[in-house]
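Here's the structure, in structure tokens; my notes come after.
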Amino acid sequence: MHVRHAIEFTGEHEVALRGWLFVPAGTGPWPAISMCHGFAAVKEHGLERFARAFADAGFVVLVHDHRNFGASGGLPRHDIDPAMQLADWRRALSFLEGRREVDAGRIGIWGTSYSGGHALVLAAVDRRVRCVVAQVPTISGYEQSRRRVAPDAMPAYLDLLADELRAVHAGRAPRTQAVVADDPAQPAAYRSSEARDFYLQDLGGADWNNTVTVRSSDRARQYEPGIWAARIAPTPLLMVVADDDRVTLSDLELQAYEAALQPKRLVLLRGGHFTPYDTHFPIACGAARDWFAEHLGAE
């Protein structure tokens, strides 16, 4: 059994970051896991199932919404900056270290999709992280963009991103696009049916709408977290990869795993990018729980 608390802590530039803290029943202090979600998602997009399973296994679990999304503060809304999300995640580690329920020497991180990439970076640069799970992680924003945008459409797409930089520099508010859309004439970050089903699921009234800034895609295109994979050791790394991932791309994930040094473990799932949240949740969650238990311990 465990208890879920609503929490708030201060991120970079005094932005209020809000989320949930799951605390096991008993006395502690407990090992802890800090969790983050992916591109334009909020914690209600399927993370509570993972968090509750980890808490039932004897971990304090922190799940926070990224700045500009969900329950967290920050402006402009629906704007994604991977550097700021990483800096905020390091603040989350400091928040956990100060909790009386937490054994500060036993903190791990779990990231999925875009934040799976963050997890690779954070595990490499912050040795407070004692164990890491990267689920279907972003590896190369450049390659994702190159494969997602047709070659004949790429010049116009790059012009759009450059025009947005000019507009923001001139003082205009960042333009927005849909996160997911059916209509090919509507600008959107994702168009696949699996992405639409995932993002547009019933979130029980959570603060989310189908909007993300255009410049978020520009920043994503420049983001290359996979280069950090070889620098994570000796921190134990578990990667959960879907074998038909057309979002973060299976082959790139497997290349990053091969570049990582021991200790490491790979869990390969059948299916697409979003299957760890539903079809293969028992496998993905169980593997992560066991990895944390092996390397962080649990009471």
Side-chain angles (χ1 to χ4, degrees), residues 1-7 17-26 30-66 69-72 89 92 96 101 107-119 131-138 179-180 194-208 238-242 245 247-248 265 267-296 298:
M1 295 296 293
H2 58 267
V3 178
R4 191 188 86 179
H5 305 276
I7 55 86
L17 301 176
R18 301 183 181 95
W20 299 320
L21 188 73
F22 299 82
V23 181
W30 311 94
I33 302 165
S34 183
M35 301 178 63
C36 285
H37 219 318
F39 190 89
V42 295
K43 59 189 182 299
E44 287 84 0
H45 278 105
L47 293 199
E48 186 167 5
R49 293 178 73 196
F50 288 92
R52 288 192 180 279
F54 298 157
D56 283 341
F59 299 92
V60 173
V61 184
L62 172 63
V63 186
H64 74 272
D65 281 328
H66 292 298
F69 284 87
S72 289
W89 202 350
L96 279 174
E101 308 98 327
I107 296 177
I109 59 174
W110 181 100
T112 188
S113 196
Y114 205 52
S115 287
H118 296 351
C131 183
V132 56
V133 175
Q135 177 176 282
V136 291
T138 289
V179 180
V180 290
E194 62 172 353
R196 292 193 301 273
D197 290 345
F198 176 79
Y199 280 102
L200 301 180
Q201 65 183 276
D202 182 3
L203 301 180
D207 183 5
W208 185 84
L238 173 70
M239 282 184 61
V240 178
V241 175
D245 190 334
V247 177
T248 51
R265 182 175 299 163
V267 173
L268 190 61
L269 307 176
R270 297 295 300 273
H273 182 77
F274 298 96
T275 57
Y277 307 101
D278 45 53
T279 307
H280 295 310
F281 170 81
I283 300 173
C285 183
R289 178 200 61 220
D290 294 347
W291 190 249
F292 287 127
E294 179 180 347
H295 296 285
L296 299 178

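Keep in mind that what you see is a predicted model, and the values were worked out from it rather than measured. Side-chain atoms are counted along with the backbone in the values below, which use heavy atoms only and exclude waters and symmetry mates.
- Side-chain contact between D245 and T275: absent, with no pair of heavy atoms (C-beta onward) separated by less than 4.5 Å.
- Residue P276 comes nearest to V136 through the heavy atom pair CG-CG1, 4.0 Å, listed as atom of the first residue, atom of the second, then distance.
- Between F50 and F281, the ring center distance clears the sub-6.0 Å criterion.
- No hydrogens or angles considered: a donor-acceptor pair under 3.5 Å links the side chains of H2 and R52.
- Rounded to the nearest 0.5 angstrom, I33 CD1 and I109 CD1 are separated by 11.0 Å.
- In this structure, L268 CG and I283 CD1 are separated by 10.5 Å, a value rounded to the nearest 0.5 Å.
- Closest non-hydrogen pair, W208 versus A40, comes out as NE1-O, 2.6 Å.
- Proximity of D278 to F198: side-chain heavy atoms (C-beta onward) are nowhere separated by under 4.5 Å.
- Taking the six-membered ring where the residue is Trp, H37 and H45 present perpendicular rings, their angle passing 60° and hence far from 30°.
- A distance of 5.0 Å separates CG in L96 from CD1 in I107, rounded to the nearest 0.5 Å.
- When side chains are defined from C-beta on, V63 does not count as touching E48, because their heavy atoms never get closer than 4.5 Å.
- Taking all atoms of both residues into account, the shortest heavy-atom contact from A293 to F59 is N-CZ, 3.6 Å.
- Here Y114 contributes atom OH and T248 contributes atom OG1; the two are 12.5 Å apart, rounded to the nearest 0.5 Å.
- At least one side-chain heavy atom of C285 sits under 4.5 Å from a side-chain heavy atom of F54.
- In terms of heavy-atom proximity, G38 sits nearest to H66 at O-CD2, 4.4 Å.
- Between E44 and W20 there is a side-chain heavy-atom pair separated by less than 4.5 Å.
- In this pair, Y199 and F274 present their aromatic rings perpendicular. The plane angle is above 60°, beyond the 30 to 60° band.
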Subject >> Criterion side-chain contact (heavy atoms from CB on, under 4.5 Å) on L238 and V267, from CA distance to verdict >> reply: CA-CA 8 Å; L238 173 70; V267 173; 3.8 Å; yes

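- Between the NZ atom of K43 and the CG atom of D65 there is a distance of 3.5 Å, given to the nearest 0.5 Å.
- The closest side-chain heavy-atom distance from D56 to P24 is not below 4.5 Å.
- Closest non-hydrogen pair, A119 versus V133, comes out as CB-O, 4.1 Å.
- The two residues W30 and G58 have their closest heavy-atom pair at CE3-O, 3.5 Å.
- Formation of a donor-acceptor pair under 3.5 Å by the R49 side chain with backbone atoms of Y277 is found in this model.
- Q135 CD to M239 CE: the interatomic distance, rounded to the nearest 0.5 Å, is 11.0 Å.
- Donor-acceptor pairing under 3.5 Å is lacking for the side chains of S72 and H64.
- Considering only heavy atoms from C-beta on, S113 stays 4.5 Å or farther from F39 through its side chain.
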